Amino acid sequence: MSEKGLSSFFEGFLNKESVFLDKKVLQGSFIPETVEHRDPQIDKIAHILAPCLRLEKPSNLFVYGKTGTGKTLAVKYTSEKIKETAEKANIPLKIFYINCKLKRVADTEYRLIAQLTREFGREIPSTGLPTDDVYRIFFSTIDKEKQLILIVLDEIDQLVKKTGDEILYNLTRINEELKQSQIAIIGLSNDLMFIDHIDPRVKSSLSEEEILFPPYNAFQIQDILRRRVPLAFRDNVIEQGVVEKCAAYAARDHGDARRALELLRVAGELAERKGRITVALRDIDDAEDTIERDRVVEICEAQPKQSQLILYSILSQKEVDLIHTGEVYEIYRNLCTQTGMRPLTQRRVSDVLAELDMLGIITVKVISKGRYGRTREISLSVPQIIIPKIIALLEQELSLA
DNA sequence: GTCAATTCACATGAAAGAGACCACGGTCTAGTG
DNA sequence: CTAGACCGTGGTCTCTTTCATGTGAATTGACGA
């Protein structure tokens with residue numbers, strides 16, 4: 001595009017009416033005025049948290065439900081309201097929301113406590129201090145004045161999976177060390193089985209109260225979308241049936257409202273990019289492809305070189321759709337000698353394969369072939385159409401021929 | 001034919017090392033009065 | 001005398017290796033019918 005062409009493109013872009021009114025409404029972090037179809041849960045959360053307002057420690061709360069079932073939203077919504085009330089009445093109530101999955105922020109015990117302490121305005125170095133010291137600083141910081149602290153730990157299952165459940169034990173016992181302040185914990189988990197796998201002592205104190213968020217059904221998702229469409233899009237932008245289709249797609253896999261909103265947003269972006277002023281049914285299908293492709297590409301790019309090479313080893317065997325650990329390792333070793341990389345041990349490759357499975361790039365099944373041993377049966381779990389793209393990407397990243 | 005033992009090819013767990021990053025406290029050094 | 005440079009020690013964290021143990025069904029081989 002020539003310089004003139006480019007500037008006229010930008011001008012055209014500026015003058016063209018966007019299909020969006022406010023894209024933020026469709027993003028996960030948006031907290032709407034009202035929360036749909038979650039009244040019983042919000043009610044229960046409110047009842048459990050209400051003692052905060054009298055500076056009494058509320059019960060610890062454990063909230064679980066699949067992704068996109070509104071856990072985070074409901075907890076944030078309720079805690080916002082309670083915070084407003086507390087501020088009006090001048091009650092020293094502090095609420096912190098921490099996502100334990102965030103890499104390099106709160107995914108270890110040290111970082112979690114450090115992050116909490118930072119929320120109170122004390123700078124904590126990202127490394128270098130013993131964990132005990134960080135705890136000590138944390139205690140002295142919060143125990144300076146009388147206050148009630150509510151800590152919301154989102155994706156707490158990820159944290160425990162990574163670092164073990166000691167941290168929860170420590171957290172639930174914090175109150176014994178504190179003289180003035182009190183802490184209550186709200187744990188959110190996507191994993192329904194999570195609570196059954198932790199230490200019983202921790203379990204009893206963490207989940208004094210439990211709330212389950214069931215998946216939304218297609219009609220509920222439709223409602224949620226309809227509520228947000230007028231805020232997010234201009235009038236008459238959304239064609240007939242688009243909302244229904246979005247809802248149906250999202251309900252198909254475990255009623256994920258976040259996914260429905262993302263679909264709608266990406267569909268809007270695609271329509272806009274094609275220069276249309278309405279969002280049509282087929283934009284939803286395109287959006288689904290785009291989201292999946294972007295997700296996979298993003299993950300592949302973010303992988304360390306070794307994982308990329310292992311993934312490439314799997315992809316390069318395109319004629320067979322099932323491949324086993326030993327074969328992958330063979331191919332991988334050969335590729336290593338070709339490229340001059342030092343090969344990882346089979347033990348490590350085994351773990352990398354499990355990680356790639358977790359990321360949803362490949363599907364892995366541990367099977368026993370009787371006399372012929374036990375192995376992982378590996379197949380791809382990304383759509384065929386995007387495989388060439390990934391291969392090209394990996395070849396470029398790894399500078400393979 | 002039946003049934004327990006064997007065997008394979010890894011899976012899975014635990015521990016520990018390497019290397020990067022960082023804080024802290026003590027010591028040294030150069031500049032200042 | 002003091003501020004700043006420098007160094008050693010000890011901490012976290014990620015990625016990885018090493019060593020050890022676990023596992024599930026096809027196969028094998030002994031046994032009895």
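Predicted model, so just to flag it, every value in this text is computed and none were measured. Here is how names work: the chains are called A, B, and so on, in the same order as the sequence lines, proteins then strands, and each is numbered from 1. Because only heavy atoms are used, hydrogens play no part in the values below, and waters and symmetry mates are left out as well, while side chains stay in.
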Once you apply a heavy-atom cut-off of 4.0 Å, does A/Asp107 come out as touching a base, just sugar-phosphate, or nothing? sugar-phosphate

At less than 4.0 Å, is any side-chain N or O atom of A/Thr127 found next to OP1 or OP2 of C/dG11? Yes or no. no

For B/dC10 and A/Arg376 - does any side-chain N or O of the residue sit under 4.0 Å from the phosphate oxygens OP1/OP2? no

If I take atom CZ in residue A/Arg374 and atom C1' in nucleotide B/dC8, what distance separates them, rounded to the nearest angstrom? 12 Å

Nearest-Å distance for atom pair CD/P, residues A/Glu330 and B/dA9: 13 Å

Checking A/Arg376 against A/Ser350: is there a side-chain donor and acceptor pair closer than 3.5 Å? yes

With A/Ile98 as partner, the option from A/Leu116, A/Val105, A/Asp154 fulfilling side-chain contact (heavy atoms from CB on, under 4.5 Å) is A/Leu116

Relative to A/Tyr372, does A/Lys369 satisfy both conditions: NZ or CZ under 6.0 angstrom from the six-membered ring centre, and within 45 degrees of the ring's axis? no

In terms of side-chain heavy atoms, does A/Asn190 have a donor or acceptor partner in A/Glu155 at a distance below 3.5 Å? yes

Phosphate-side-chain proximity, A/Lys162 and C/dT14, N/O vs OP1/OP2 below 4.0 Å: yes

Look up atom CD in A/Glu301 and atom CD1 in A/Ile390, then write down how far apart they are to the nearest 0.5 Å. 11.0 Å

Where along residues 341-365 of chain A does a heavy atom come under 4.0 Å from DNA chain B, residue by residue in number order? A/Gln346, A/Arg347, A/Ser350

Grab the OH-P distance between A/Tyr110 and C/dT14 for me, whole Å please. 13 Å

With each end axis built from five pairs of C1' atoms, what bend angle do you get for the helix from B/dG1-C/dC31 to B/dG31-C/dC1? Round to 10°. 20°

Heavy-atom count around A/Lys305 NZ within 6.0 Å, excluding the residue itself: above 12? yes

Within 45° cone of A/Tyr64 ring axis and under 6.0 Å: A/Lys71 NZ or CZ: no

Nucleotide nearest A/Ser368 (side chain, heavy atoms from C-beta), chosen from C/dA25, B/dT12, C/dT14: C/dA25

Length of the line joining A/Ile124:CD1 and C/dT12:C1', which is rounded to integer Å: 14 Å

Could you state the atom-to-atom distance from CD1 of A/Ile113 to C1' of C/dT12 in whole Å? 14 Å

Has A/Tyr372 got a side-chain N or O lying under 4.0 Å from the OP1 or OP2 atom of C/dT27? yes

Without swapping roles, check the side chain of A/Asp143 against the backbone of A/Ser181 for a donor-acceptor pair under 3.5 Å. yes

So which one's nearest nucleotide on DNA chain C is more toward 5', A/Glu109 or A/Gly128? A/Gly128

Residue-phosphate contact under 4.0 Å: A/Thr325 side-chain N/O, B/dA9 OP1/OP2: no

Starting at atom CG of A/Asp133, determine the distance to atom C1' of B/dC24, rounded to an integer number of angstrom. 10 Å

Determine the contact category for A/Lys103: base if any of its heavy atoms lies under 4.0 Å from a base atom, sugar-phosphate if only primed atoms, P, OP1 or OP2 are that close, otherwise nothing. nothing

May I have the distance from A/Leu159 (atom CG) to C/dC13 (atom P), rounded to whole angstrom? 11 Å

Looking at A/Tyr77, is A/Arg38 sitting on its ring face, NZ or CZ under 6.0 Å from the six-membered ring centre and within 45 degrees of the normal? no

Could you check whether A/Phe120 and A/Phe96 have their ring centres less than 6.0 Å apart? yes

Atom CD of A/Gln115 and atom P of C/dT12 are separated, to the nearest Å, by 18 Å

